[in-house]
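As structure tokens, the structure follows; a few thoughts come after it.
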Amino acid sequence: MNQVEAIRAVQRMQDYIEDHISEEITLKQLSNAAGYSPWHSARIFKEITGRTPFDYIRALRLTRAALVLRDEERKVIDVALDYVFDSHEGFTRAFAKEFGLPPKRYSQNTPPIQLFMPEKVFDTFRALHKGGITMSEKKATKTVFVQIIERPARKVLLKRGLKATDYFGYCEEVGCDVWSMLSSVKEAIYEPIGMWLPENLIKDGTSQYVQGVEVPPAYNNDVPDGYDLIELPPCQMMIFQGEPYNDDDFMEEIGEIWQHIEKFDPKIYGFNWAPEAAPRFQLAPMGYRGYIEARPVATVN
């Protein structure tokens with residue numbers, strides 16, 4: 001079995017788990033999805049994901065259960081049974097071990113927790129082997145939608161890196177699981193974002209590129225270890241949104257939007273770039289909506 005086939009087999013198991021997360025899942029079922037023996041399927045799953053199949057399933061079920069407890073008024077025992085835990089006690093022990101607090105207390109306070117949000121391994125493999133960001137050689141002109149939005153006063157819960165200036169450098173320094181913590185924040189105004197901080201918001205010895213989530217000014221929930229909570233004043237942001245694209249081509253699409261922004265003159269809209277007014281930010285690349293990035297601007301006097 002070569003590396004590509006092993007990764008494909010693991011993604012087939014991941015897909016099976018996703019489709020049956022609220023049902024009993026056996027190693028035999030996973031091996032049937034993978035197309036290999038149970039022993040071999042379990043071995044390659046652990047090698048590639050870093051977790052045994054059943055550790056992976058348990059973590060994913062606990063994350064789904066946590067989101068239900070965060071967003072809905074449900075009894076703990078009902079949520080436990082929905083995600084194939086046999087008892088209130090067993091679910092409570094597993095939840096506390098995974099997230100550091102029992103489910104009842106979590107449902108009452110909903111502090112940020114480290115959710116388990118696995119990547120599809122073959123999608124990740126393809127992305128890593130596409131190389132760096134390249135500019136498109138396609139001759140067809142693509143549409144880039146531009147709009148101005150008003151961002152209110154807000155706070156940002158963020159995690160800093162060391163020297164990172166982009167997403168890949170940040171993941172090397174901090175890891176790629178910050179998003180799962182940020183996604184757990186119930187009070188989030190918008191979805192998590194990657195940000196390039198202006199100089200006045202960069203602490204000595206920390207990175208320009210960070211990941212964070214915006215929350216209301218009154219936010220006073222727990223700040224996880226290693227995270228910062230900072231305040232941002234109101235600002236104007238110019239949003240650039242490309243056309244929908246094939247998810248495999250996300251690096252090329254980012255490059256095309258960057259190329260467009262570099263040539264763009266905001267004065268045609270009556271604005272100047274204002275890089276110190278707020279962090280420049282990007283949303284997670286998702287092909288169905290096009291790549292989205294925002295730059296701070298100020299009205300031309």
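This one's a predicted model, so the numbers in the text were calculated from it and none came from an experiment. The figures that follow rest on heavy atoms only: side chains count, while hydrogens, waters and symmetry mates do not.
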Exercise. With the side chain counted from C-beta on, respond yes when L201 and P279 share a heavy-atom pair under 4.5 Å apart, and no when they do not.
Key: yes
Exercise. With side chain to side chain contact (heavy atoms under 4.5 Å, CB included) as the test, would you mind laying out the steps for I239 and V146 before giving the verdict?
Key: CA-CA 6 Å; I239 308 294; V146 181; over 6 Å; no
Quiz item: Ion pair present between E191 and R289, side-chain N to carboxylate O less than 4.0 angstrom?
Solution: yes
Quiz item: For M13 and S41, which heavy atoms make the closest approach, and how far apart are they?
Solution: CE-O, 3.4 Å
Quiz item: Just wondering, are more than 12 heavy atoms of other shown residues or ligands nearer than 6.0 Å to CD in E72?
Solution: yes
Quiz item: Taking C-beta and beyond as the side chain, do S184 and P112 meet within less than 4.5 Å on heavy atoms?
Solution: yes
Quiz item: Hey, does the side chain of H40 reach the backbone of Y36 with a donor-acceptor pair shorter than 3.5 angstrom?
Solution: no
Quiz prompt | T63 side-chain N/O to A59 backbone N/O, donor-acceptor pair under 3.5 Å | solution = yes
Quiz item: So, E187 and R154, do they make that salt bridge, N to O below 4.0 Å?
Solution: no
Quiz prompt | Y291 and E252: CA distance, side-chain angles, deciding distance, side chain to side chain contact (heavy atoms under 4.5 Å, CB included) verdict | solution = CA-CA 10 Å; Y291 175 65; E252 179 180 336; over 6 Å; no
Quiz item: If we only count heavy atoms from C-beta on, is the K163 to S207 side-chain gap below 4.5 Å?
Solution: no
Quiz prompt | Between CD1 on residue I57 and OG1 on residue T52, distance to nearest 0.5 Å | solution = 8.0 Å
Exercise. Compare every heavy atom of D19 with every heavy atom of E23, then report the nearest pair and how far apart it is.
Key: OE2-O, 4.4 Å
Exercise. Could you grab the distance from atom CG of L115 to atom CG of L182, nearest 0.5 Å is fine?
Key: 10.0 Å
Exercise. Walk me through it: do Y190 and L283 pass the test side chain to side chain contact (heavy atoms under 4.5 Å, CB included)?
Key: CA-CA 10 Å; Y190 311 105; L283 273 61; over 6 Å; no
Quiz item: Are the ring centres of F250 and Y245 closer than 6.0 Å?
Solution: no
Exercise. Please determine if K159 forms a cation-pi arrangement with Y227, meaning its NZ or CZ atom is less than 6.0 Å from the six-membered ring centre and no more than 45° off the ring axis.
Key: yes
Quiz item: Do we see a donor-acceptor contact under 3.5 Å between the side chains of D177 and S180?
Solution: no
Quiz prompt | NZ/NE/NH1/NH2 to OD/OE distance under 4.0 Å, K203 and D228 | solution = yes
Quiz item: For the side chain to side chain donor-acceptor pair (under 3.5 Å) test, which of Q282, R160, R280 pairs with Y209?
Solution: Q282
Quiz item: Does the side chain of E293 reach to within under 4.5 Å of the side chain of Q241, using non-hydrogen atoms?
Solution: no
Self-check item: Nearest heavy atoms of Y219 and L157, plus distance in Å
Solution: OH-CD2, 4.5 Å
Quiz prompt | Nearest heavy atoms of K186 and R70, plus distance in Å | solution = NZ-O, 3.0 Å
Quiz item: Donor-acceptor pair, S31 side chain versus K28 backbone, under 3.5 Å?
Solution: yes
Exercise. State, with a plain yes or no, whether a side-chain heavy atom of Q11 is found less than 4.5 Å away from one of I48.
Key: no
Quiz prompt | hydrophobic_cluster_shared for I268 and V297, side chain cutoff 4.5 Å | solution = yes
Quiz item: Applying the 4.5 Å side-chain criterion to the ILVMFWY set and letting contacts propagate, would F145 and M237 be lumped into a single cluster?
Solution: no
Quiz prompt | I149-I193 co-clustered via ILVMFWY side chain contacts under 4.5 Å | solution = yes
Exercise. Consider only side-chain heavy atoms of I, L, V, M, F, W and Y, link residues closer than 4.5 Å, and tell whether L67 and V213 are in one cluster.
Key: no
Quiz item: Would a distance-only check, ignoring hydrogens and angles, find a side-chain to backbone donor-acceptor pair under 3.5 Å from D166 to G169?
Solution: yes
Quiz prompt | Distance, nearest 0.5 Å, that separates CD of E173 from CZ of F168 | solution = 14.0 Å
Practice problem: Grab the two heavy atoms, one from F85 and one from A94, that are nearest each other, plus how far apart they are. | Solution: CE2-CB, 3.9 Å
Self-check item: D82 side, atom CG; I21 side, atom CD1 - distance, nearest 0.5 Å
Solution: 12.5 Å
Quiz prompt | V76 and F91: CA distance, side-chain angles, deciding distance, side chain to side chain contact (heavy atoms under 4.5 Å, CB included) verdict | solution = CA-CA 9 Å; V76 171; F91 176 68; 3.7 Å; yes
Quiz item: Should D15 and R12 count as an ion pair when the cut-off is N to O under 4.0 Å?
Solution: no
Quiz item: Going by heavy atoms in the side chains, are L62 and F99 under 4.5 Å from each other?
Solution: yes
Quiz prompt | Between Y56 and F116, ring centroids under 6.0 Å | solution = yes
Quiz item: Distance-only, no hydrogens or angles: does the K155 side chain make a donor-acceptor pair with backbone N or O of P217 under 3.5 Å?
Solution: yes
Quiz item: If you measure from the Lys or Arg side-chain nitrogens to the Asp or Glu carboxylate oxygens, is any gap between E89 and R93 under 4.0 Å?
Solution: no
Practice problem: Can you measure from CD (Q29) to CD1 (I17) and round to the nearest 0.5 angstrom? | Solution: 10.5 Å
Quiz item: If you measure from the Lys or Arg side-chain nitrogens to the Asp or Glu carboxylate oxygens, is any gap between E18 and R64 under 4.0 Å?
Solution: yes
Quiz item: Hey, does the side chain of N272 reach the backbone of P266 with a donor-acceptor pair shorter than 3.5 angstrom?
Solution: no
Quiz item: Is it the case that one hydrophobic cluster holds both I7 and I44, taking links as side-chain heavy atoms less than 4.5 Å apart, direct or via other members?
Solution: yes
Practice problem: Calculate, to the nearest 0.5 Å, the distance between atoms CG and CZ belonging to L69 and R105 respectively. | Solution: 13.5 Å
Self-check item: Shortest non-hydrogen separation from V223 to L229 and the atoms involved
Solution: CG2-CB, 4.0 Å
Self-check item: Validation row: V156, E231 side chains within 4.5 angstrom (heavy atoms)
Solution: no
Quiz item: What do you reckon, is CD of Q108 surrounded by more than 12 foreign heavy atoms closer than 6.0 Å?
Solution: yes
Quiz item: Got a donor-acceptor contact below 3.5 angstrom from the D222 side chain to the P224 backbone?
Solution: no
Quiz item: Should S183 and P192 count as side-chain neighbours, where that means a heavy-atom distance under 4.5 Å?
Solution: yes
Self-check item: Six-ring centre of F264, R295 cation under 6.0 angstrom, axis tolerance 45°
Solution: no
